[in-house]
Amino acid sequence: VDLPGMPPMTCAELESMGDAGDISEAVCRRIPDFVRDTCGCNPPCLIACESGRPFGNPDAIVDLPGLPPMTCEDLRVDGILGRIPEEKCEAIPESVIEDVCECNDPPTPTPPPTRAPTPPPTPPPTPAPVGTPCDICGEDMSIGIPGAIIELPGEDPISCEDLQSIGDRGDIAPGVCARLPGLVNVICGCNPPCPVCGDEDLMVSFPDAEVSLPGMDDMTCGELQDMGYLGQLTEDQCERVPGLIDDVCGCNPTPPPTRPPTPSPTPSPTPAGKGVVVPAPVCVPSYGKTGGKKGGY
């Protein structure tokens, strides 16, 4: 980010300055408007085909008001990573995404008219059975990263999108199809977006902090958060992650400590004779006692 009157720095460095109290209150109030888009401070904006199918043309250029021209795929990833303001996300016309990114199934071309052949005297051959379509992510799940490359044992590297096209044609054997979700789930981003802090309104406070999770390579909290938004964490991992990273990644901001109230000073006693009125002694009547004056006190 490049802020007026400050040297260029990363979002993480700027956040560290704020945590250390090195940014004045007046400057701090103005910073969100400058960094919200660049640092991905907005809530996720899910941009996809209404039908749930991948973009037919992810490299098509989308030109929307208030946003720089970019490809359909870049727009989708920017939305997931919180780089699109909420009000601009709501204003994106679905019809533009459907048309420009080619969300609709391509029309089937009308074959040219042909003369029906003369039927042969022999019965027609039995057509080969059509294979069963295969969803590589599993039932009711869709690819989140269509351009990711997957390497399957004994096969050439292939993108998740191309592998799904083979499955749609029914060219994947049922036995192989049943094993694919476990092989491509993380790489192809088959899972729903996962807020790693446990709540969509919470984000990691220490994106550069290193975190080590069982069964996963070491990574920074920011990288783990991106994996969650891109659907690269399984449902079981998503449920366990918040409890494992809460302290390291700073998912719950700690309020500043409250200083205990200072007790008021106790005034020292003032010695007698210096501004203190001493009460007069009380006399008791001496009724009937000898040695006293009649009626005296």
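Bear in mind that the values here come from a model prediction, so they are computed numbers and not experimental data.
- Crowding of Glu239 atom CD: a count of heavy atoms from other residues, nucleotides or ligands under 6.0 Å exceeding 12.
- To the nearest 0.5 angstrom, Glu223 atom CD is 11.0 Å from Gln232 atom CD.
- Asp63 contributes no side-chain N or O that, together with a main-chain N or O of Pro69, makes up a donor-acceptor pair within less than 3.5 Å.
- Cysteines Cys72 and Cys101 place their SG atoms closer than 2.5 Å to one another.
- The number of heavy-atom neighbours closer than 6.0 Å to CD of Glu235, taken from other residues, nucleotides and ligands shown, is 12 or below.
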| disulfide bond (SG atoms under 2.5 Å apart) between Cys251 and Cys197, intermediate numbers included | CA-CA 5 Å; Cys251 287; Cys197 282; 2.1 Å; yes

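- The hydrophobic cluster containing Leu230 does not contain Val196, counting ILVMFWY residues as joined when their side-chain heavy atoms lie under 4.5 angstrom apart, directly or transitively.
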| request: Please test Leu152 against Leu180 for side-chain contact (heavy atoms from CB on, under 4.5 Å), starting from the C-alpha separation and ending with a verdict. | output: CA-CA 9 Å; Leu152 299 175; Leu180 281 180; 3.8 Å; yes

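- Between Cys137 and Cys188, the SG-SG separation does not fall below 2.5 Å.
- Atoms CG and CD, on Asp59 and Glu102 in that order, are 10.5 Å from each other to the nearest 0.5 Å.
- Across all non-hydrogen atoms, the minimal contact from Val248 to Phe206 is O-CD1, 3.3 Å.
- Both Val241 and Met227 belong to a single network of hydrophobic side chains, linked directly or stepwise wherever heavy atoms of I, L, V, M, F, W or Y lie under 4.5 Å apart.
- Side-chain contact between Asn191 and Leu233 is absent, with no heavy atoms from C-beta onward closer than 4.5 Å.
- Between the side chain of Glu73 and the main chain of Ala60, no donor-acceptor pair closer than 3.5 Å is present.
- Using modelled atom types, one finds no donor on one side chain facing an acceptor on the other under 3.5 Å when comparing Thr220 with Asp208.
- Contact annotation: the side chain of Ile84 approaches that of Leu75 to within less than 4.5 Å [non-hydrogen atoms, C-beta and beyond].
- Annotation: side chain of Arg240 is not in contact with side chain of Pro214 (no heavy-atom distance under 4.5 Å).
- Phe55 places a side-chain heavy atom less than 4.5 Å from the side chain of Cys103.
- Residues Ile149 and Pro157 come closest through the heavy atom pair CG2-CB, 3.8 Å.
- Taking the side chain as every heavy atom from C-beta outward, Val184 and Cys190 approach each other to under 4.5 Å.
- Residue Cys221 holds its SG atom at 12.0 Å from CE of Met203, rounded to the nearest 0.5 Å.
- If you take CD on Glu210 and CG on Leu224, they are separated by 11.5 Å, rounding to the nearest 0.5 Å.
- Remark: side-chain polar atoms of Lys88 are paired, donor with acceptor, to backbone N or O of Gly66 under 3.5 angstrom.
- No more than 12 heavy atoms of other residues, nucleotides or ligands lie within 6.0 Å of CG in Asp217, so this atom counts as exposed by the packing criterion.
- Connection of Met70 to Val77 is not established within any shared hydrophobic cluster, with ILVMFWY side chains joined at heavy-atom distances below 4.5 Å, either directly or through further cluster members.
- The side-chain heavy atoms of Ile47 and Asp78, taken from C-beta on, include no pair separated by under 4.5 Å.
- The same ILVMFWY cluster, assembled from side-chain heavy atoms under 4.5 Å apart, contains both Val62 and Ile92.
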| message | With side chain to side chain donor-acceptor pair (under 3.5 Å) as the criterion, how do Asp218 and Ser212 come out once you've worked through the C-alpha distance, each side chain's angles and the decisive distance to 0.1 Å? | response | CA-CA 5 Å; Asp218 292 349; Ser212 179; 3.0 Å; yes

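- Between Pro93 and Leu64, the closest side-chain pair of non-hydrogen atoms falls below 4.5 Å.
- Separation of atoms CG (Leu163) and CD1 (Ile158) is listed at 5.0 Å; rounding is to 0.5 Å.
- In plain terms, the two heavy atoms of Ile187 and Ala148 that are nearest each other are O-CB, 3.4 Å.
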| What's the verdict on side-chain contact (heavy atoms from CB on, under 4.5 Å) for Ile166 and Ile136, showing C-alpha distance, side-chain angles and the deciding distance? | CA-CA 10 Å; Ile166 296 175; Ile136 66 172; over 6 Å; no

| Under the side-chain contact (heavy atoms from CB on, under 4.5 Å) criterion, do Leu213 and Gln237 qualify, and how do the steps go? | CA-CA 10 Å; Leu213 300 175; Gln237 289 173 329; over 6 Å; no

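- Nearest heavy atom pair, residue Pro195 against residue Pro193, reads CD-O, 3.8 Å.
- Side chain of Arg76 to backbone of Gly144: a donor-acceptor contact under 3.5 angstrom is found.
- In this structure, Glu161 contributes its side chain and Pro54 its backbone to no donor-acceptor pair below 3.5 Å.
- There is no path of hydrophobic side-chain contacts, each under 4.5 Å, that joins Leu46 to Ile143.
- Taken to the nearest 0.5 Å, the SG atom of Cys28 stands 8.5 Å off from the CG atom of Leu14.
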